[in-house]
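Lettering follows sequence order; numbering is per chain, from 1.
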Amino acid sequence: MTGTRKTKSPNQRPGFPRDRADARAGLQETGARGGCAQGVRGGCAQDVHGVHGGCAQGVAGGCAQGVPCAAQAVLAGARKTGAKIPVLCLIGPTGSGKTGLAAAIAGEWLKTRPGMVPEREPGQEPEREPGREPEREPGPALDGCVIINADSRQVYRDFPIITAQPGIAETGLCPHRMYGFLETSEKFSAGAFIRMAQEAILEATAQNRLPVLVGGTGLYLKTLFGGIAPIPAIPQAVADFWHGRLKDEGPEALHSHLSEIDKDYAAQIHPRDSQRIVRALSVWQSTGETFSWWHSRPLPESPYAPITLGIDLPMSELEIRLRGRILEMLEQGAVLEAEKAFERCPNPDAPGWSGIGCAELFAHIKGRLTLDECVGQWFKNTRAYAKRQKTWFRKDPKDALWLRPGQKDEAIAWLNARLSADPFPFRPLF
RNA sequence: GGUGGGGUUCCCGAGUGGCCAAAGGGAACAGACUGUAAAUCUGUCGUCGGACGACUUCGGUGGUUCAAAUCCACCCCCCACCA
């Protein structure tokens with residue numbers, strides 16, 4: 001994975017110059033629609049419109065006409081027939097090799113179809129292999145994949161090395177979406193993620209490519225597939241107000257305040273869980289409804305059928321990888337990357353700086369930590385994060401196949417079998 | 001060699017007669033998770049037992065005391081300053 005990175009700047013990706021602009025357009029657009037109470041899950045008219053609009057801006061390159069409508073049709077068709085849109089998810093703790101596995105899967109298509117280029121011209125039919133006619137009702141043969149980021153940190157433009165974004169070796173294999181498009185000063189969120197991811201998934205599906213979500217942010221995946229209460233965007237002033245009160249009064253006082261407003265939710269969270277307390281109070285104040293009320297509303301059924309492939313390994317082995325990865329990042333210029341990011345955004349409280357490694361390097365370039373101390377904390381925090389991810393993934397996807405790093409062939413065989421079987425009537429992939 | 005300070009449970013560190021298995025922090029282990037999620041937060045954390053409890057622990061040995069991590073003696077080690 002990181003070992004194969006050849007560049008520090010994924011900005012210059014030969015095959016896919018429109019990735020960032022695309023993603024940014026999507027975010028801005030969805031941000032503007034943030035207040036759409038229904039828009040989140042793809043269950044309403046605005047949402048389809050959103051997909052359309054996003055494509056019109058972003059996908060200008062290869063498929064200006066076809067895709068938006070096709071994406072819309074994919075969603076509409078899926079709703080009408082009840083068929084689910086297959087989405088491959090690669091999950092696992094940080095440093096387990098998700099990016100590498102995704103690249104291996106993407107590369108498999110290129111291997112079996114040497115003439116295929118990652119970005120197909122519109123209207124061009126994928127080559128069919130004569131010897132591999134399907135036995136079953138012939139579904140479409142998938143024509144490669146699109147890799148979609150499901151990691152809350154790899155969205156930041158200023159930190160390609162530190163957040164282990166795929167490098168040119170990976171991005172040359174197939175289109176990559178939602179990587180490195182956001183400024184350090186800008187916020188990302190589960191809501192923004194699912195809007196953009198939905199767009200990317202539908203676009204890929206319309207192009208007859210398999211959407212492959214790669215990332216370790218469990219909440220994002222859960223939200224995408226399980227839905228989220230359609231709470232409107234909270235005005236910054238409201239959030240600031242409650243953060244101010246949190247600072248003055250402390251979390252316990254706000255928690256008892258919350259108990260008076262929303263007893264049920266207050267009982268669910270700990271009196272010191274400041275982030276959730278502030279969120280619940282902000283939602284209540286800006287919408288006039290309690291957090292519990294929002295949560296109690298039924299969620300539309302998901303149009304997706306996630307196929308989940310996890311990578312896991314014992315902590316003792318993961319530690320070795322994590323340590324090595326940090327050293328690799330330093331060799332690739334992580335310190336310089338942080339210095340540059342600091343020039344662009346000197347505010348350590350900016351959302352982008354909160355990533356593991358970023359915060360520690362910030363302290364180092366400000367002279368508060370020696371490089372050794374910085375690396376020590378960086379490793380410690382990375383390890384703790386990996387543990388949290390393992391805890392999350394232990395219970396969340398119940399039907400995932402779990403492999404160890406390097407079991408590429410097993411992964412591909414399994415994927416082939418899954419997609420060729422009900423309820424995914426695709427031809428064998430590779 | 002002299003003077004002063006110090007050795008506490010995995011680590012840092014508080015405790016200077018009973019309320020001490022020993023504050024607090026870190027690490028570790030387990031867990032929660034509905035728009036900051038690489039975030040936010042929780043539980044356990046000497047050993048054994050279900051809780052009440054029993055047992056072992058505060059550099060070592062010996063002593064004083066009903067009672068010691070805490071007081072005394074000697075010994076070992078560390079740090080600072082003086083020589």
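Taking atom NE2 of residue His270(A) and atom C1' of nucleotide rG43(B), one finds them 9 Å apart after rounding to whole Å. Atom-to-atom, CG of Leu221(A) to C1' of rG35(B) comes out at 15 Å; the value is rounded to the nearest Å. In this structure, Trp353(A) atom CH2 and rA37(B) atom C1' are separated by 20 Å, rounded to whole Å. Going from atom OH of Tyr385(A) over to atom C1' of rA39(B) covers 10 Å, rounded to whole Å. Atom CZ of Arg388(A) and atom P of rC33(B) are 15 Å apart (whole Å). If you measure from atom CD of Gln275(A) to atom C1' of rA32(B), you get 13 Å, rounded to the nearest angstrom. Rounded to whole Å, the distance from CZ on Arg279(A) to P on rC41(B) is 17 Å. Distance NE2 (His255(A)) to C1' (rU42(B)): 12 Å, rounded to an integer number of Å.
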Stepwise side chain to side chain contact (heavy atoms under 4.5 Å, CB included) check, Phe225(A) with Val87(A): CA-CA 10 Å; Phe225(A) 299 125; Val87(A) 179; 4.1 Å; yes
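Across rU34(B) and rC19(B), the matching P atoms stand 43 Å from one another, rounded to whole Å. With C1' as the reference atom, rC41(B) and rU47(B) are 30 Å apart, rounded to whole Å. Spacing of C1' atoms, rA21(B) relative to rG46(B), comes out at 7 Å, to the nearest Å. When the C1' atom is used for both rG24(B) and rC74(B), the distance is 35 Å, rounded to whole Å. The gap from the P atom of rG15(B) to that of rA83(B) amounts to 33 Å, rounded to the nearest Å. On the P atoms, rU9(B) is 16 Å away from rA22(B), given to the nearest whole Å. Between the C1' atoms of rU16(B) and rG5(B), the separation comes to 15 Å (whole Å). When the C1' atom is used for both rA38(B) and rA80(B), the distance is 43 Å, rounded to whole Å.
Checking rG24(B) for Watson-Crick or G-U wobble geometry (two distances, each under 3.5 Å) identifies rC12(B) as its partner. Judged by Watson-Crick or G-U wobble contacts below 3.5 Å, the nucleotide rU70(B) has no partner. Base pairing analysis places rA54(B) opposite rU47(B); the two distances defining the Watson-Crick or G-U wobble pair are each below 3.5 Å. Pair assignment for rC19(B): none, as no Watson-Crick or G-U wobble contacts are both less than 3.5 Å. Under the Watson-Crick and G-U wobble criteria, each requiring two contacts below 3.5 Å, nucleotide rC33(B) is left unpaired.
In this structure, His243(A) reaches the bases: a heavy-atom distance under 4.0 Å links it to at least one base atom across the strands shown. At a threshold of 4.0 angstrom between heavy atoms, the contacts of Asn381(A) with the nucleic acid are absent. Counting non-hydrogen atoms under 4.0 angstrom, Lys380(A) reaches the backbone sugars and phosphates but no base. Heavy atoms of Gly216(A) sit under 4.0 angstrom from primed sugar atoms or phosphate atoms, though from no base atom. Residue contacts for His295(A): at a heavy-atom cut-off of 4.0 Å it reaches a base atom on one of the strands shown.
For rG31(B), one of the phosphate oxygens OP1 or OP2 lies less than 4.0 angstrom from a side-chain nitrogen or oxygen of Arg394(A). Within the 4.0 Å cut-off from OP1 or OP2 of rC41(B), at least one side-chain nitrogen or oxygen of Ser274(A) is found. Between Arg153(A) and rA37(B), a side-chain N or O to OP1/OP2 separation shorter than 4.0 Å is present. Regarding contacts with the backbone of rA28(B), a side-chain N or O of Arg383(A) is found under 4.0 angstrom from either OP1 or OP2. For the OP1/OP2 pair of rA37(B) and a distance below 4.0 Å, the side-chain nitrogens and oxygens of Tyr220(A) include at least one atom meeting the criterion. Look at Thr217(A) and you'll find a side-chain N or O under 4.0 angstrom from OP1 or OP2 of rA38(B). The side chain of Ser152(A) places an N or O atom within less than 4.0 Å of a non-bridging phosphate oxygen (OP1 or OP2) of rA38(B). Side-chain N/O atoms of Lys387(A) include one lying less than 4.0 angstrom from OP1 or OP2 on rC29(B).
Using a distance-only test at 3.5 Å, with no hydrogens or angles considered, a donor-acceptor pair links the side chain of Lys98(A) to the main chain of Pro93(A). Remark: side-chain polar atoms of His243(A) are paired, donor with acceptor, to backbone N or O of Ala239(A) under 3.5 angstrom. Proximity of a side-chain donor or acceptor of Asn381(A) to a complementary backbone N or O of Ile356(A) within less than 3.5 Å is not detected.
Note that the CG atom of Leu224(A) and the NZ atom of Lys222(A) stand 13.0 Å from one another [nearest 0.5 Å].
For Arg276(A) and rA39(B), a side-chain-to-base donor-acceptor distance below 3.5 Å is present, hydrogens and geometry of angles not being considered.
Classification of the Tyr220(A)-Phe193(A) ring pair by plane angle, with boundaries at 30° and 60°, yields parallel.
A 4.5 Å side-chain heavy-atom check between Trp414(A) and Gln407(A) finds every atom pair outside the cut-off.
Ser354(A) and Arg153(A) are linked by a side-chain donor-acceptor pair at a separation below 3.5 angstrom, with hydrogens and angles left out of the test.
When the nearest nucleotides of RNA chain B are assigned to Arg272(A) and Ile269(A) by heavy-atom distance, the more 5′-ward of the two goes with Ile269(A).
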